[in-house]
Asker: 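Okay, here's the structure, questions in a sec.
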Amino acid sequence: MTTPATGRGPRLSPEQLGYLAAGPGRAAETALARLIDRGLVRVSRDGLVTAVHRDGQGAATGVERSVLEHVRTAVRFGTVVETAAHDSEMRLLRTLLVSLGLMRLPRRRSASWWVYLVVAALLAVLGIAVPALLIGTVFFVLVSLRLLGRNALTTAGKEELARAAASDRVLAVALHGFRGEVAGTPVGDLFELPRSVVRTIQLKKDRKSTSDGAGAAVSSCSSCGSGCGSSGSSCSSGGSSCGGGGGCGGGGGGD
Amino acid sequence: MAGIAELGVGIGWRPEIDLTVERLPGVDFVEVVAENLHAGHLPESVVLLRERGIPVLPHAVSLSLGGAEPVDLGRVEHLGEVAEAVGAPMVSDHVCFVRAGGLDSGHLMPVPRTRDALDVLVANVKLAQRNLPVPLALENVAALLEWPDGELSEGEFLAELVERTDCWLLVDVANLYANARNIGTDPERFLDEIPLERLAYVHVAGGVDHGDVYHDTHAHAVLPEVLGVLGELCSRVTPPGVLLERDDNYPSDAEIASELAAIRAVVTGRQG
């Protein structure tokens, strides 16, 4: 399996990078991309995916094995991704990324986080006259920060993602999805896939209120630009920093 | 050989491998199963191939020209419509029957090689030809049995068919190999007896052994022995075209390309 030249830290597979970039849906896309790349599955013009070999040979990961098992008879392109995204193998993949210190349990942003911040500010102002109230200021600031939520990616995870580059077409899928673009080129075109086939991968709307980067929220962006949840980070073709905040592409699959 | 163009090396187009066929290097022509196409709704892939100038030849499996029942002109008409829709230089079917007594065999059944059966076949072929817009080629089938009281060898039977109908021949070398294995016929004698100047093109396909029987499955690799029969044919005539048939259990693009290259090597090796 191709591994990105990350320079330092754990060497991640494209599938792992895909998960970091946009959750299980993207990891599923990446697994499918590698199987296509290696000629282990065939995609027809009407979007049906079938395994070339019926014995599952060539799979490099559990997700790939699961995909090959699924497509022993023809399955629609988007359905392959959707099913793989919900496969039990994805939990194992996430557990691995957590154990590597690249992911953590995310916290969703509460809609009321700013209320606590306003209260803290008020107490700070009153604290000029009554210094004891400053203790309350600190308390409400901490509560506000807690309710602000937490990205699923750790700093190390974000760094891994930032270092990764779409140096081949499988990595392009990992970082941007089949429906994304690399340097203005649709990623699906790198696989010579008809647009109608690529469009069968469903894009789900970004849940703006969440900072759960584990893939439950999938943005409607086409090239991993927006949809990074509360982190507000951006992506480029040279390396996504879509720090787990919802991410893009990848037909669903909550974590 | 008026009316029959040089075709080169081709492959049977199937929807499961449409993108593969489009991408494969060195595909000079394709064949489509006529019954699976509708003239008014051609698959996008077939249209694309036509736009590239790749000849598309409809191949029928249901005319049942060797049957004793009247030819179903609706099926002939459909074949002709598909031929016109894809701009085909010719169409083809088999020397066989697939229906009798209201039953469908689900298999290409060999025709008894008697003069009576030949008369019926000739009449049916002529009727079909009158209703087709392009020339008709007929293919030898793989048989797991031989009808009793045959009066002609398969080669003689086809030679007389050609003489009386002016049809073209589509020679399936895999079927020749299968018949040699299963019913002991001689491919070389067949090739000696048929009018090779009426050869339209050649089919090559893979198969597999099941005990003592060879099955022409179109779902396994082409055996070297089948390529050997192709080589024997090429030692007698330069075929206008040679086409790989694959209908199931499709291998990787690389393996398909490799089979096409092997076929081309046999053809060009003999030509060179």
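Only this structure's heavy atoms are used, side chains among them; waters, hydrogens and symmetry mates stay out. As the structure is a prediction and not an experimental result, all values here were calculated from the model.
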Asker: In terms of heavy-atom contacts, does CZ of B/Arg52 have more than 12 from other residues, nucleotides or ligands at under 6.0 Å?
Answerer: yes
Asker: Given A/Arg42, which partner from the list B/Leu19, B/Asp253, B/Asp18 fulfils the side-chain contact (heavy atoms from CB on, under 4.5 Å) test?
Answerer: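 Exactly one pass, corresponding to B/Asp253.
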Asker: Provide the closest heavy-atom pair for B/Pro15 versus A/Ser44 in the form atom of the first, atom of the second, distance.
Answerer: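 Scanning both residues, the minimum pair turns out to be O-CB, 3.4 Å.
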Asker: Check step by step if side chain to side chain contact (heavy atoms under 4.5 Å, CB included) holds for A/Glu192 and B/Glu22.
Answerer: CA-CA 11 Å; A/Glu192 299 177 74; B/Glu22 291 169 28; over 6 Å; no
Asker: Testing the basics here: between A/Gly39 and B/Ser252, what is the closest heavy-atom pair and its distance to 0.1 Å?
Answerer: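 Nearest pair, atom of A/Gly39 first, then B/Ser252: O-CB, 4.0 Å.
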Asker: Just verifying a value: how many Å separate B/Thr20 OG1 and A/Arg45 CZ, rounded to the nearest 0.5 Å?
Answerer: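 Spacing of OG1 (B/Thr20) from CZ (A/Arg45) equals 11.5 Å.
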Asker: Go through the steps to decide whether A/Asp46 and B/Glu44 satisfy the test side chain to side chain contact (heavy atoms under 4.5 Å, CB included), and finish with yes or no.
Answerer: CA-CA 9 Å; A/Asp46 55 4; B/Glu44 185 182 355; over 6 Å; no
Asker: Would one find more than 12 heavy atoms of other residues, nucleotides or ligands at under 6.0 Å from atom CG of B/Asp212?
Answerer: no
Asker: How many angstroms lie between atom CG of A/Leu48 and atom CD of B/Glu16, to the nearest 0.5 angstrom?
Answerer: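 Interatomic distance, A/Leu48 CG to B/Glu16 CD, rounded to 0.5 Å: 8.5 Å.
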